[in-house]
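Structure, as structure tokens:
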Number of protein chains: 2
Amino acid sequence: MVAPTDSDKRAYFLSLEGSRDGHSIPLAELLERLRFNERGLAPVITQDAMNGEVLMLAWVNEEALTQTLRSGQMTYFSRSRNKLWVKGETSGHTQKVVDVRIDCDGDALLCRVIQEGAACHTERRSCFYVQTQPEADSAQINSSLSLDALASKEP
Amino acid sequence: MVAPTDSDKRAYFLSLEGSRDGHSIPLAELLERLRFNERGLAPVITQDAMNGEVLMLAWVNEEALTQTLRSGQMTYFSRSRNKLWVKGETSGHTQKVVDVRIDCDGDALLCRVIQEGAACHTERRSCFYVQTQPEADSAQINSSLSLDALASKEP
């Protein structure tokens, strides 16, 4: 079989748009049509499955995604080290995969995980600890992803 | 002033790692050091501020981010149309920005928003409606981001 072109891949995801909840798709068919970028990578949002906190954004290539799905442990492609990266293999801060989701145009992933310890190399729970708001002229370090403080600022 | 190199930008985010919660950073200083990619873009995770659902992944350039922060309405850079894209400007499905977060290495953003209607062009709440799990051989259309069904599958 000839490998699908990007145009084929777009058409494939377009064809899924009208499908109802519960419609089943063979995994091999789906994976072959994922739209990795020109470097063979796709962005992955990693979210804490227990409380919904967004933990990090990283990248997978086809091999990393296949290994993630087979092993149930988040495996990324490290752009700086140019190789597969099993999350937590040195730190112990592993991510057990609950589910993997693909977006409507097939070029981004959302993985919901059980996070052991901290997702961030700084030992913070989430990598997204620099925070600002509209119309602010400064940003703050804020390791908490709670929205309580924001909600209380509402008029 | 000479524009910072990528190496300068990495060093800048490294220097923030040890800062404690509450440490304040001038916004202009921070924005100048964001690490947009070779196309001048950075990925943005958009999350529902009310319930934590991840709604979509899209991209900003510097101008889109500046406009987002000034207007308080999510404004992306559309790669397909090659121009700024005020979310909801035609559909009415706007995203009011609650906060904007930057990750530890300064190359990804998390925006928490009040979503009007559906984030996805398919009228689904979230773009991430194709779902699979480790060791599965199929994927399903699943417009709900609830984890209830998954939790009940645990042994």
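Just so we're on the same page: letters track the sequence lines, and every chain starts at 1. These values consider heavy atoms only, across backbone and side chains, with no hydrogens, waters or symmetry-generated copies.
- Of the possible polar contacts, one joining the Gln47(A) side chain to the Gly52(B) backbone as a donor-acceptor pair under 3.5 Å is found.
- Note: the hydrophobic cluster containing Leu69(A) does not contain Val98(A) (ILVMFWY, side chain heavy atoms under 4.5 Å, direct or indirect links).
- Heavy atoms closer than 4.5 Å to chain A are found nowhere in Gln67(B), neither backbone nor side chain.
- Atom CD of Glu89(A) sits in a crowded spot, with more than 12 heavy atoms from other residues, nucleotides or ligands closer than 6.0 Å.
- Both Met74(B) and Leu55(B) are members of a single hydrophobic cluster when ILVMFWY side chains are connected at heavy-atom separations under 4.5 Å.
- Of residues 118-125 of chain B, those residues lying under 4.5 Å from chain A by any heavy-atom pair are Cys120(B), His121(B), Thr122(B), Arg124(B).
- Within a 6.0 Å radius of CD in Gln73(A), more than 12 heavy atoms belonging to other residues, nucleotides or ligands are found.
- In terms of heavy-atom pairs under 4.5 Å with chain B, the best-connected choice from Gly22(A), Ser126(A), Pro43(A), Gly18(A) is Gly22(A).
- For Asp105(A), the side-chain contact (heavy atoms from CB on, under 4.5 Å) criterion is met by Arg35(A), Asp103(A), Asp107(A), not counting sequence neighbours.
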_CA sep, side-chain torsions, deciding dist, call: Ile102(B), Thr132(A), side chain to side chain contact (heavy atoms under 4.5 Å, CB included)_ = CA-CA 9 Å; Ile102(B) 299 158; Thr132(A) 189; 5.6 Å; no

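- More than 12 heavy atoms of other residues, nucleotides or ligands sit less than 6.0 Å from atom CZ of Arg81(A).
- Against chain A, the residues from residues 23-31 of chain B that qualify, each with a non-hydrogen atom under 4.5 angstrom away, are His23(B), Ser24(B), Ile25(B), Pro26(B), Leu27(B), Leu30(B) in number order.
- Of the listed residues (Arg70(A), Gln140(A), Glu17(A)), the greatest number of heavy-atom pairs within a distance under 4.5 Å of chain B belongs to Glu17(A).
- Formation of a donor-acceptor pair under 3.5 Å by the Arg101(B) side chain with backbone atoms of Val130(A) is not found in this model.
- Contact check for Arg112(A) versus Val54(B): no side-chain heavy atoms found under the 4.5 Å cut-off.
- Follow the hydrophobic side-chain contacts under 4.5 Å out from Leu84(A) and you never reach Leu34(A); the two are in separate clusters.
- Residue pairs that meet the ring pair (Phe, Tyr, Trp, His ring centres under 6.0 Å) test with at least one member in residues 56-105 of chain A, sequence neighbours left out, are Tyr76(A)-Trp85(A).
- Taking the side chain as every heavy atom from C-beta outward, Phe128(A) and Ile45(B) approach each other to under 4.5 Å.
- When hydrophobic clusters are built by joining Ile, Leu, Val, Met, Phe, Trp and Tyr residues whose side-chain heavy atoms come closer than 4.5 Å, directly or via intermediates, Met56(B) is not grouped with Leu16(A).
- If you chain together hydrophobic residues whose side chains sit under 4.5 Å apart, Leu145(A) and Val113(A) never meet in one group.
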*Check step by step if side chain to side chain contact (heavy atoms under 4.5 Å, CB included) holds for Leu109(B) and Leu57(A).*
CA-CA 9 Å; Leu109(B) 299 157; Leu57(A) 185 142; over 6 Å; no

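- Counting heavy-atom pairs closer than 4.5 Å to chain A, the top-ranked of the candidates Gly72(B), Ser144(B), Ser143(B) is Ser143(B).
- With a 4.5 angstrom heavy-atom cutoff, Asp137(A) touches chain B only via backbone atoms.
- Once rounded to the nearest 0.5 Å, the distance linking CD of Glu135(A) with OG of Ser71(B) reads 9.0 Å.
- Side-chain contact check for Gln133(A) and Asp99(B): no donor-acceptor pair (N or O, by modelled atom type) lies under 3.5 Å.
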